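Indexing begins at 1, ligand by ligand and atom by atom, following the structure's order. Quick caveat, the model's predicted, so the values are computed rather than measured.
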Amino acid sequence: CGIVGMVSTGPVNQDIYDSLALLQHRGQDSTGMATLEGGGFHIHKAKGQVKEAYRTRDMRKLRGTTGLGHVRYATKGSAKREEEAQPFYVNSPFGIVLVHNGNLTNTRELTAQLHDQDRRHLNTTSDTELLVNVLARELQVAQDGKDFNPQQLFTAITRVHERVEGSYAAIALIAGHGLLAFRDPFGIRPLVLGRRQAGLLGTEWVVASESLVLESGDYDIVKDIAPGEAVFISTGGELFEQQCSPSPQMYPCSFEYVYLARPDSTMNGISVYEARLRLGDRLAATIAKHAPVKDIDVVMPIPDSARPAAMQVARRLGIEYREGFYKNKYVGRTFIMPGQAQRTKSVKQKLNALPSEFEGKNVLIVDDSIVRGTTSKEIVEMARRAGAKSVTFTSAAPPVRYPHVYGINMPSSSELVAAGRTIPEITQEIGADYLIYQEVEDMKDAILEGSDITELDMSCFTGEYCTGNVDQEYLDWLEGNQSS
Ligand SMILES: O=S(=O)(O)CCN1CCN(CCS(=O)(=O)O)CC1
């Protein structure tokens, strides 16, 4: 999912719309926007992509100079369990609307607490609804009937960190006051703060999942919100910030760098594009060790996010780089579409092989990752039908062997092609002649090179979950809880 929030000096609806369009790659299922005008909200949510979800009359309703927006894909389960589009709204102690990128892992406990202790009713199974209700409850306690002041928000966020487990980058509008943004104590999901001068009208602020939103709006990048940190921006443009966790740690999600983020974003100070080039450098070294490089005729990317890695593989191995696959850019990102049937159909719609690039050649294909293996299998078949003599399939990410529980839709290990399989078994499963994966340590080094960050969340590759409270019981529950 992608989130954005703004405090401007003029109408904010068009800027939020444009920002959501730039974050579309982070989810195409549904989108929502809310603006704050005086003491009240205007909210619009709809299924589908940004460009089709907001008609002129919807945009006209979204008046106000403070607002937020969300683009979503299902972070767990399938289309059957229709989660609500975001933002979510609660009406006490203030009107609050909230958008969230991430996934909470103690939803069962929180649901019970909210029902028994906090006397709050939940309408959906969405973890975002849990998050906004816990925030509201803790804000009620912190405010304790006194007049509003930002410190109450920071006290409430401190309690949110204590009660909530999992990953969250979140933005909320507090009716009559302003915009609150906060990040989980592990910094798993991204959140960046930007600022620009609006002439004599004052300072304008933006908080977003990716820095390209800031660049596009001519905002200066102020900083990545720190793990555990919260910032509050009043509707008048005054900024308050506080670290709300006693033990913040930086464990950014590795999959942002593998494929989720746009290459032209800088995330936690790391250029996504340059990280992908470095992933290619290291993958090339591993390929040279394990594959018959001298026989390879061409190196090809699977568009789009594997291109930087493929360019480097070709360059390092001294092999010709060719574009053998055409991607239909009008089909959304298939790998995150709920439900297996839709996903298989979409691969054929999404990619096509150009025979002239394959005829009689030993091809080496680079994809950003192999998750379910459905795309990889289809791609190998396409390459052979197009005339390839042999197919070496390579992944710029290591084997995904464990569920991803922090906000990217790969929760069920039964769907993971590498879970419980050896490399030769996976090679056979996808029908390739050779299969080479990135090494875990190489991925970590490639992403973190030149950064002062020392850790990444790589739980879906290693089974080590940085938040510490993801145990086998939870994984089994999650497995059973997935309507596939
Ligand atoms: O970023 S892009 O949209 O360009 C490509 C995203 N990338 C494509 C390959 N899949 C694995 C497919 S599968 O192995 O699960 O079938 C992960 C996501």
Legend entry - Polar contact flag for Thr374 and ligand 1 (N/O pairs, less than 3.5 Å): yes
Legend entry - Sidechain N-carboxylate O distance under 4.0 Å for Asp281, Arg316: yes
Inset, instruction - Keeping to residues at least two apart or across chains, list the ring-ring contact (aromatic ring centres under 6.0 Å, His included) pairs with something in residues 415-457. - result: none
Inset, instruction - Just go through Leu260, Asp367, Thr375 and tell me whose heavy atom is the nearest to atom 12 (C) of ligand 1. - result: Thr375
Inset, instruction - For Lys327, counting its heavy atoms only, list the atoms of ligand 1 lying under 4.0 Å from any of them. - result: 3 (O), 4 (O)
Inset, instruction - Answer yes or no: is there an ion pair linking Arg421 with Glu429, defined by an N-O contact shorter than 4.0 Å? - result: yes
Legend entry - Atoms of ligand 1 close to Pro303 [distance to a heavy atom under 4.0 angstrom, numbered from 1]: 4 (O)
Legend entry - Ile370 neighbourhood, listing ligand 1 atoms whose heavy-atom distance to it stays under 4.0 Å: 14 (O)
Inset, instruction - Go through the side-chain N and O atoms of Ser390 and Asn362 and say whether any donor and acceptor fall under 3.5 Å apart. - result: yes
Inset, instruction - Could you tell me whether ligand 1 has any atom less than 4.0 Å away from a heavy atom of Glu378? - result: no
Inset, instruction - State which residues pass side chain to side chain donor-acceptor pair (under 3.5 Å) with Arg385; sequence neighbours excluded, sorted by chain then number. - result: none
Legend entry - Distance-only N or O hit between ligand 1 and Asp304, under 3.5 Å: yes
Legend entry - Interfacing atoms of ligand 1 (cut-off 4.0 Å, heavy-atom, Ser369): 9 (C), 11 (C), 17 (C)
Inset, instruction - May I ask you to decide if the ring planes of Phe255 and Phe461 are parallel, tilted or perpendicular, using 30° and 60° as cut-offs? - result: parallel
Legend entry - Residues Glu378, Lys350: salt bridge by 4.0 Å N-O rule: no
Legend entry - Sub-4.0 Å atoms of ligand 1 with respect to non-hydrogen atoms of Ser376: 14 (O)
Inset, instruction - Show which atoms of ligand 1 fall inside a sub-4.0 Å distance from at least one heavy-atom site of Gly373. - result: 13 (S), 14 (O), 15 (O), 16 (O)
